[in-house]
Amino acid sequence: MVWQPEETVIVLGQSNQADTAVNTDISEADGVMIFKRPTGGQTVILTPRTIVISVRLLSEKLDNPQVYFKRINKLIIMALANLGVSDLNEKGISDITIGEKKILGSSIYRKRNMVFYHAVLNISETPEFIGRYLKHPSKEPDYRIGRKHEDFVTSIHLSGYPIEADKILEELRRILGENL
Amino acid sequence: MRYIFKFPDIGEGLDEGIIAEWYVDKGMQVEMGQPLVKMETDKVVTDIPSPKTGIIAALYGRVGETVHVGSPLVEYDLPGISGAAAIEEAAKPAFETVKEEGAGVVGTLEIADNSAYLPASSEDLSSSGHQSAQKSPQRALATPVARAMARELMVNIDLVQGTGPAGRVTKSDIEEYVTRDAKHGRQGIETHDTKHVTRRNEDGVPGHESRVTSHDLEVEIKPLSQIRKVIARNMSLSHQNTVPMTVFDEVEVGELIRIRYKYKEQFEREGIKLSYLPFILKAAALALKSHPVLNSELDLENNRMIYKKYYNIGIAVDTEEGLVVPVIRNVDRLTIKDIAIAINQISEKARKRSLTMDDMKDGTFTLTNFGSIGGQFAVPVINYPQAGILGIGRLVEKPVIKEGKVVPGTLLPLSLSVDHRIVDGGEVARFLNRVMEYLSDPVSIIIG
């Protein structure tokens, strides 16, 4: 499933706490709801300028999580590359970047015979907006090297690709649908 | 028999996970493949299936606690396995591939090795003549905090009586152990707020004595930041892979001070801060061109030297998070002004925590300007696999002899560390002399 959130919400990772991960005074003042998901990874913010990618795979024979991260992230890279985005890389455990800056984060929930992958792709949200609500995460990938949200995160549009969200949605659905 | 299942590597390359939820409890009968626990790593939440059918004898860790890969997770009582069968079970290899149809986790699960073989009290293995199995060394079960504290206090944790679940050693057990030893005077004496505690080596043999204040027990344990991990790894690499040698010298830099003072205001009007560092960087780059071995790398695996024809100099920068070494590229081709601008830029990026990996890679030589904080001489640690690092100390005013007269001078202390496997002493001295020549006569830097 590939979809765009209709409103801005904050989603905590399984072990995140709102008071340590979120600027709660600001989110409360702005009326931004905070939810918690049962999957790992750090806190994310979903806005109408992002796209959420959710994939559920059922199998009697499950592989290592890295296999799923690589398989699905490569398809997402393929879809974005088809739309003309370049310098796409896989970095950290399961991020996608343009150059050194992150545009997608993903995590996995795995139960017996089922893998649920989900990711947030930043189409046009500003890093400043993200930094307004989210505190510096308690854990970070090597390539972040302490960078603040404003210096670590970018979007498809900010990177010089003013592609309409609908086109990205359409291409992601096509590539994922044909290959999964 | 008793069987200990250790937290397996679930394939992310991470060495720890957090217990999110227990699905089983002590005394419960479980089947092979049945989910035992939900574990969370950085990016994955996954159920860990049971590798065995048996009865849960103990769970190691509470929800929210961190468990390291290879640490005990669940202890089983495997009914019906005793005597020779137990020995056979214990003799199985430490790693065993779990078949897909039996478990949700796929790949390699670590199974308890022989040293984790713990016969249940009701099982009389000794009577079957297998004393050696019982006598095999056992590693204490302990919380991560207790292990860290034991390491810190150099206590052999295997000697500590655990009072936690299933005899697990806890932080308070370590505190009690240290305090009791000191009070009983077996390993030391207690005076006021200081205890003398005998520290033990890994085998539990008493070793040297050291002082442990009562405040040492009030420890705060924090996870390493990524920057600290990188620093620790790089420092260890240098220590393990180089043969360091350091040479110290001082150079009179009165002329450099005069020139810098002359152009400082002019640069400031253009928004550029001019320190001594651009001159030192340029001097080092020019000297590296004359002494290429200082700009080289030893490739022992292929029995060759790699001489780099580019002069990218890293600058060790002290930040709140720790040491970072951004690189200024092609310093030999830059003017003093260009270098000053580049230094301003990387300083700003370091301050804003916006340095990227690209900013810090491909260095061929390093400068560390500890003098800006304090200190004249040091033994800089080589930024492996580079061949050398030049330390800059604090400027000091001293009497010097010029044209036969004692006059006031300003000296810049230099500390040059090199990998002595690559660079011989004579070449070190010649390189340092060249750097000092440039710095004592800065016009020669511009002329080249």
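In this text the structure is predicted, and so the values were computed from the model without any measurement. We use all heavy atoms of the structure for the numbers below, so side chains are in, but hydrogens, waters and symmetry mates are not. Residue numbering restarts at 1 for every chain, and letters A, B, ... go by the order of the sequence lines.
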> So what's closer than 4.5 Å to chain B heavy atoms on A:Glu100: side chain, backbone, both or neither?
Replying inline: side chain
> Under a 4.0 Å N-O cut-off, is there an ion pair linking A:Glu128 with A:Arg132?
Replying inline: no
> If you measure from the Lys or Arg side-chain nitrogens to the Asp or Glu carboxylate oxygens, is any gap between A:Glu170 and A:Lys167 under 4.0 Å?
Replying inline: no
> For B:Lys38, is it the side chain, the backbone, both or neither that has a heavy atom under 4.5 Å from a heavy atom of chain A?
Replying inline: side chain
>> If you compare all heavy atoms of A:Asp151 against all heavy atoms of A:Lys101, which two are closest, and at what distance to 0.1 Å?
In response: O-CE, 3.2 Å
> Of all residues at least two apart in sequence or in a different chain, which pass the ring-ring contact (aromatic ring centres under 6.0 Å, His included) check with A:Tyr109?
Replying inline: none
> Considering only heavy atoms, which portion of A:His136 lies under 4.5 Å from any heavy atom of chain B: side chain, backbone, both, or neither?
Replying inline: side chain
> So which of A:Arg147, A:Glu150, A:Gln42, A:Arg144 has the biggest tally of heavy-atom pairs under 4.5 Å with chain B?
Replying inline: A:Arg147
